[in-house]
Amino acid sequence: MFIQTFKSEGLSHLSYLVGNNGQAAVIDPRRDCEVYAEAAAAEGCRITHIFETHRNEDLISGAPILAQLTGATVFHGPNAAGTVRYAKTTRESDEFNFGNLQLRVLETPGHTDDSLSFVLYDTEFGDDAVAVFTGDALFIGDVGRTDFYPERAEEVAGLLYDSLQKLVNLGDQTLIYPAHGAGSVCGDNMADREFSSIGYERRNNPMMKIRSRQEFIKRKVQEHHYQPPYFREMERLNLEGGHATSPVLTPAALSPSAFKDLPDETVTIDVRGISSFLGAHVPDSLALPTPMIPAFAGWFLTPDDKMALVAASASEAQLAARHLARIGFDKLLGYLAPDMPQWAAMAEPFRAITVIDLEDFKKRRSAPPENWSLLDVRGKGEVEENPVDQAIHHYTGNLAEVASELDPDRHYTIMCGSGARAAIAASVLMRKGFSNVDVFLGSVGALMADS
């Protein structure tokens with residue numbers, strides 16, 4: 001028996017290949033799914049089953065694509081708010097066998113109504129569960145969010161509590177394999193590791209330590225999570241079934257002249273690090289450093305957008321394209337091959353954003369310049385935990401939508417936790433016609449270090 005983990009960086013999505021005696025199953029495959037077939041072949045196995053723990057909101061499922069590649073059958077839970085066209089329905093207590101490996105189905109609703117967990121048994125060595133694939137019901141250090149059904153907030157929080165008790169009953173020895181890890185938008189407080197057990201989580205996971213069902217419901221209802229607009233597109237695609245990515249994800253390199261000849265509606269996305277963007281960037285480009293694409297692209301792009309990248313290298317462009325493809329943004333026309341110094345040397349226009357340090361920031365707060373505002377683009381929870389006097393608050397992801405509430409003639413200093421989201425926010429405002437923006441680099445981190 002073997003279990004192989006596949007992590008999709010940025011999304012922090014975790015998927016698994018489980019096999020024994022020449023057969024293998026994949027749990028929660030991602031869209032670029034050739035890796036599972038290759039890994040199974042290396043283990044001398046054929047993929048015969050594909051399991052989905054729930055209808056994912058944050059990425060395109062690779063299950064229908066992998067089924068076409070391998071001939072395997074896809075299984076999905078009941079109550080998916082629609083028909084999952086590419087899958088058969090599996091329910092509580094269904095069993096699937098691979099040699100001496102058995103997967104048994106548990107219905108664990110709460111995060112979503114169709115949520116399943118798959119319990120792994122070794123039929124030749126004891127009766128206890130060996131492991132459980134928990135989807136987004138139970139994470140390492142946290143539990144699933146329950147905000148996808150706001151009109152049923154207390155009900156679904158209670159369902160998740162009940163589901164967690166079912167998982168606890170598997171026994172302390174049971175290893176946990178969740179569908180997301182630290183950094184995912186599917187939870188707030190996940191531990192930065194990919195291994196745990198029911199026993200460890202029962203004793204150390206703050207949400208698992210809550211013994212009262214009503215207290216658990218109260219805590220979950222009070223949580224605040226953001227839902228990027230692209231989640232709705234993921235819901236649709238993960239019912240109908242998405243199509244495969246391009247076999248070549250590295251976008252075409254574009255010369256400056258080819259880049260300038262792109263259609264006017266093309267969205268230019270600068271995927272370099274924030275320091276590079278702040279120092280010099282193509283006018284009207286959107287700052288989305290490659291590691292931040294999974295968290296923020298879905299706030300500012302639509303699936304119909306034609307896109308071009310500014311990247312430091314072909315490998316950076318390729319990784320950015322992969323991140324975009326996993327969340328449904330495919331219309332990539334190419335990337336600007338020269339870095340910005342070369343672009344500027346060709347007398348092409350570029351923009352820069354002023355960066356201020358802690359000393360300048362403190363001066364502005366003590367003696368605010370005329371027509372100046374401090375804009376805090378952190379999340380609601382961060383602001384409540386560490387509020388900053390004099391700041392107005394708009395979350396980074398919501399900024400394009402609420403920009404009309406801000407005065408484009410004012411001078412805005414933008415801050416966040418470190419400066420990275422502030423750079424994204426500055427690019428969003430500049431694309432909206434705001435000309436006088438700067439970024440407090442270091443932001444709350446610098447303030448806390450100075451206190």
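Side chains are part of it too, since the values below use all heavy atoms of this structure and drop only hydrogens, waters and symmetry mates. Position 1 is the first residue of the sequence; numbering continues from there.
Under a 4.0 Å N-O distance rule, the pair R145/D136 does not qualify as a salt bridge. Under a 4.0 Å N-O distance rule, the pair R326/E9 does not qualify as a salt bridge. Between D147 and R152, none of the side-chain N atoms (NZ, or NE/NH1/NH2) sits under 4.0 Å from a carboxylate O, so this pair counts as no salt bridge.
Within the 4.5 Å cutoff, the side chain of E384 has no heavy atoms near those of the H224 side chain. Within the 4.5 Å cutoff, no side-chain heavy atoms of Y395 are placed close to those of V383.
A side-chain contact (heavy atoms from CB on, under 4.5 Å) with T266 holds for exactly one of D261, L333, D305; it is L333.
Environment of CD in E385: sparse, with no more than 12 heavy atoms of neighbouring residues, nucleotides or ligands closer than 6.0 Å. The environment of E370 atom CD is sparse: at most 12 non-hydrogen atoms of other residues, nucleotides or ligands sit within 6.0 angstrom.
Every side-chain hydrogen bond (donor to acceptor under 3.5 Å, both in side chains) that E240 has, sequence neighbours left out, goes to R236. For K380, the side-chain hydrogen bond (donor to acceptor under 3.5 Å, both in side chains) test picks out no residue, with sequence neighbours left out. Scanning for side-chain hydrogen bond (donor to acceptor under 3.5 Å, both in side chains) contacts around S15 gives Y36, with sequence neighbours left out. Residues that satisfy the salt bridge (Lys or Arg N to Asp or Glu O under 4.0 Å) test with E38, not counting sequence neighbours, are absent from this structure. Taking R219 as the reference, nothing meets the side-chain hydrogen bond (donor to acceptor under 3.5 Å, both in side chains) condition, with sequence neighbours excluded. Applying the salt bridge (Lys or Arg N to Asp or Glu O under 4.0 Å) criterion to R410, with sequence neighbours excluded, gives no partner residue.
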Practice item. Please report the C-alpha distance between E107 and L116 in whole Å, then the side-chain angles of each, then the deciding distance to 0.1 Å, and finally whether the side-chain contact (heavy atoms from CB on, under 4.5 Å) criterion is met. Key: CA-CA 5 Å; E107 293 186 22; L116 300 178; 3.8 Å; yes

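Side-chain rings of F51 and H76 stay apart, their centers remaining 6.0 Å or farther from each other. Between F96 and F75, the distance separating the two ring centers is shorter than 6.0 angstrom.
Between the side chains of D28 and T53, at least one donor N or O sits under 3.5 Å from an acceptor N or O.
Judged by distance alone, with hydrogens and angles left aside, the side-chain atoms of E382 form no donor-acceptor pair with the main-chain N or O of R378 at under 3.5 Å.
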